[in-house]
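Reading through the structure tokens given below for one structure.
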Protein chains: 2
Amino acid sequence: MDTREKIMDAALMLFSKKGYIGATTREIAGNAGVAEVTLFRHFSSKEKLFEEVINTYSFLPALKGLLPSLKNMDYTDALSELAGRFLERLSERKELIRIMHAEIHIYPAKVREIYHNFIDELFRTLASYFRELQLKKVLRDFSPEIGAGAFLGMFFSYFNSKELLLRKDIAAMDSAAVINEFVNIFTRGTLK
Amino acid sequence: MDTREKIMDAALMLFSKKGYIGATTREIAGNAGVAEVTLFRHFSSKEKLFEEVINTYSFLPALKGLLPSLKNMDYTDALSELAGRFLERLSERKELIRIMHAEIHIYPAKVREIYHNFIDELFRTLASYFRELQLKKVLRDFSPEIGAGAFLGMFFSYFNSKELLLRKDIAAMDSAAVINEFVNIFTRGTLK
DNA sequence: GTTTAATGTAAGCAATCACTAACATAGAGG
DNA sequence: CCTCTATGTTAGTGATTGCTTACATTAAAC
């Protein structure tokens, strides 16, 4: 792993753990195993480092092309699959999400943009998937956007409680059982 | 409004806006219209001030005693009412929730405790409400805890997108319509 | 009218922060 | 062997921070 990468890795962990202001360049460099001055030779300022970290570890492309493959599947299976993948992606980018939660009001423009792009795409794609199934008379009539919000919201909150707030009671739940019951409730709630 | 209160008000706003580290005692005192030294005469340290703010503006008692009044209502009406109240409380305590999101990893013990107490109580009460209706054969068989997670999760994510992340598309949705559709999906998904 | 409690003003301290300058070292490529 | 590039070491700068000390002001209480 080259120096630049080591610094960005350490920065991701520390920004996630202590926030942008709380993470010092000394500690980032220390955790990366390099001298502080080396950090500044690679990144002209702490702010630039932050931006690069956020851009690099962005999860933008992470869920693209998932929906098309679901179109051949059964409704319930498709939603289960989607939920599983969604939770996986969130877990993979846990640190980044934590940073965004903490920093979203301090660095609104940059941070919020990445965050929104990720959720928006899923949101819209899922809504159009619902719309399609409504036209095929598989699903009952409901606002596809609100439906997408309900579905993603359940899982996002679950992820949040389990992995970001570290709630023991939630973490103890079997993940597959949760997905199963959420999807169960949702399909019963939306099928014709 | 007495001095102590003015300081705590300003502190709540600034902690919410800039985070614990980002909010300086100078600025808090300035916004409160008092001298910085006065802040330290009321609160021995910035940390003590933070704790007092969190404890004072906690929403612990805010939802107690809501559930009992729902027992006489129709299932759908009860859930709508609960959802509405839940969103109201979250909105009222927006600043506090923002602080907790940002600071939960930096001040785990104190902050997380308050946060958990609030959600846990709702969680457990709602779960036992579901269990009761299952015994009465009104609801189908499902895990009451997971069900409570699904229900509260939908609304928490909605609140989060609308009021904390300030997403325009979500904010544009009619709140009553969202509650309606969420409850609709959930009741269809859980009724016998 | 004197005392007392709450505030303000001014100055500053010790620590920490992001960031820089100057110079030494080491390894790879020619 | 020489050069170049990446890194380390050391020291330090100016700004900011939480917090303190010392003293002045004010207004209500007695």
Side-chain angles (χ1 to χ4, degrees), chain A residues 1-57 95 98-99 102-111, chain B residues 1-57 95 98-99 102-111:
Chain A
M1 196 162 49
D2 73 340
T3 304
R4 199 183 169 78
E5 208 174 328
K6 283 193 300 187
I7 295 173
M8 291 183 54
D9 258 39
L12 175 67
M13 296 312 273
L14 276 173
F15 282 144
S16 167
K17 200 166 143 197
K18 307 196 163 185
Y20 175 74
I21 309 180
T24 71
T25 51
R26 285 207 225 302
E27 199 177 359
I28 292 171
N31 283 18
V34 302
E36 192 184 5
V37 74
T38 298
L39 184 155
F40 283 104
R41 284 196 271 239
H42 281 271
F43 308 92
S44 61
S45 70
K46 183 182 178 180
E47 195 170 339
K48 289 277 179 210
L49 170 59
F50 183 68
E51 288 178 16
E52 286 239 19
V53 166
I54 287 197
N55 286 329
T56 302
Y57 295 98
E95 287 80 13
R98 200 175 289 173
I99 292 176
E103 241 61 60
I104 202 142
H105 297 96
I106 302 172
Y107 280 75
K110 198 116 209 156
V111 179
Chain B
M1 193 159 53
D2 73 339
T3 303
R4 199 183 168 79
E5 208 174 329
K6 283 192 299 188
I7 295 172
M8 289 182 53
D9 258 39
L12 175 67
M13 295 314 273
L14 275 172
F15 282 143
S16 167
K17 203 167 142 196
K18 306 194 164 186
Y20 174 75
I21 308 181
T24 71
T25 51
R26 289 213 217 300
E27 197 176 1
I28 292 170
N31 283 19
V34 303
E36 192 184 5
V37 74
T38 299
L39 183 154
F40 283 104
R41 283 195 272 241
H42 282 271
F43 307 92
S44 60
S45 70
K46 184 182 177 180
E47 197 171 336
K48 290 276 180 213
L49 170 60
F50 183 67
E51 288 179 14
E52 286 238 18
V53 165
I54 287 198
N55 286 328
T56 303
Y57 295 97
E95 285 82 12
R98 202 174 289 173
I99 292 177
E103 240 62 58
I104 203 144
H105 298 95
I106 303 171
Y107 280 74
K110 198 112 209 158
V111 179

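Labels below follow one simple rule: chain letters A, B, ... track the order of the sequence lines, proteins then strands, and each chain is numbered from 1.
- Mapping heavy-atom proximity under 4.0 Å, the span of DNA chain D touched by chain B runs 5' to 3' from dT17(D) to dT21(D).
- Contact check for Ile99(B) versus Leu12(B): side-chain heavy atoms found under the 4.5 Å cut-off.
- The 5' end of DNA chain C is approached more closely, in terms of each residue's nearest nucleotide, by Thr38(B) than by the other of Ser44(A) and Thr38(B).
- Among the protein residues, Val37(B) comes within range of the nucleic acid bases, having at least one heavy atom under 4.0 Å from a base atom.
- Tyr20(A) places none of its side-chain heavy atoms less than 4.5 Å from the side chain of Ile21(B).
- Straight-line distance from the CZ atom of Arg41(B) to the P atom of dA5(C): 14 Å, rounded to whole Å.
- Computed from coordinates, the Ile28(A) CD1 to dC19(C) C1' distance equals 13 Å when rounded to whole Å.
- At most 12 non-hydrogen atoms from other residues, nucleotides or ligands lie less than 6.0 angstrom from NZ of Lys17(A).
- For the pair Met1(B) CE and dT7(C) P, the interatomic distance rounds to 13 Å; values are reported in whole Å.
- Rounding to the nearest 0.5 Å places OG1 of Thr3(B) at 10.5 Å from CZ of Arg41(B).
- Closest approach of Ile7(B) and Val34(B) over heavy atoms only: CG1-CG2, 4.0 Å.
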List every contact pair, protein side and nucleotides 12-18 of chain C side both N or O, where the distance is under 3.5 Å.
{"residue": "dA18(C)", "atom": "OP1", "partner": "Lys46(A)", "partner atom": "NZ", "Å": "2.7"}
{"residue": "dA18(C)", "atom": "OP2", "partner": "Thr25(A)", "partner atom": "N", "Å": "3.1"}
{"residue": "dA18(C)", "atom": "OP2", "partner": "Thr25(A)", "partner atom": "OG1", "Å": "3.1"}

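- The CG atom of Leu39(B) sits 5.5 Å away from the CG atom of Leu49(B) when rounded to the nearest 0.5 Å.
- Remark: Lys48(A) fails to qualify as a cation-pi partner of Phe40(A) under the 6.0 Å distance and 45° angle criteria applied to the six-membered ring.
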*Could you check Arg4(B) against Glu52(B) for salt bridge (Lys or Arg N to Asp or Glu O under 4.0 Å), going step by step and ending with a plain yes or no?*
CA-CA 11 Å; Arg4(B) 199 183 168 79; Glu52(B) 286 238 18; 2.9 Å; yes

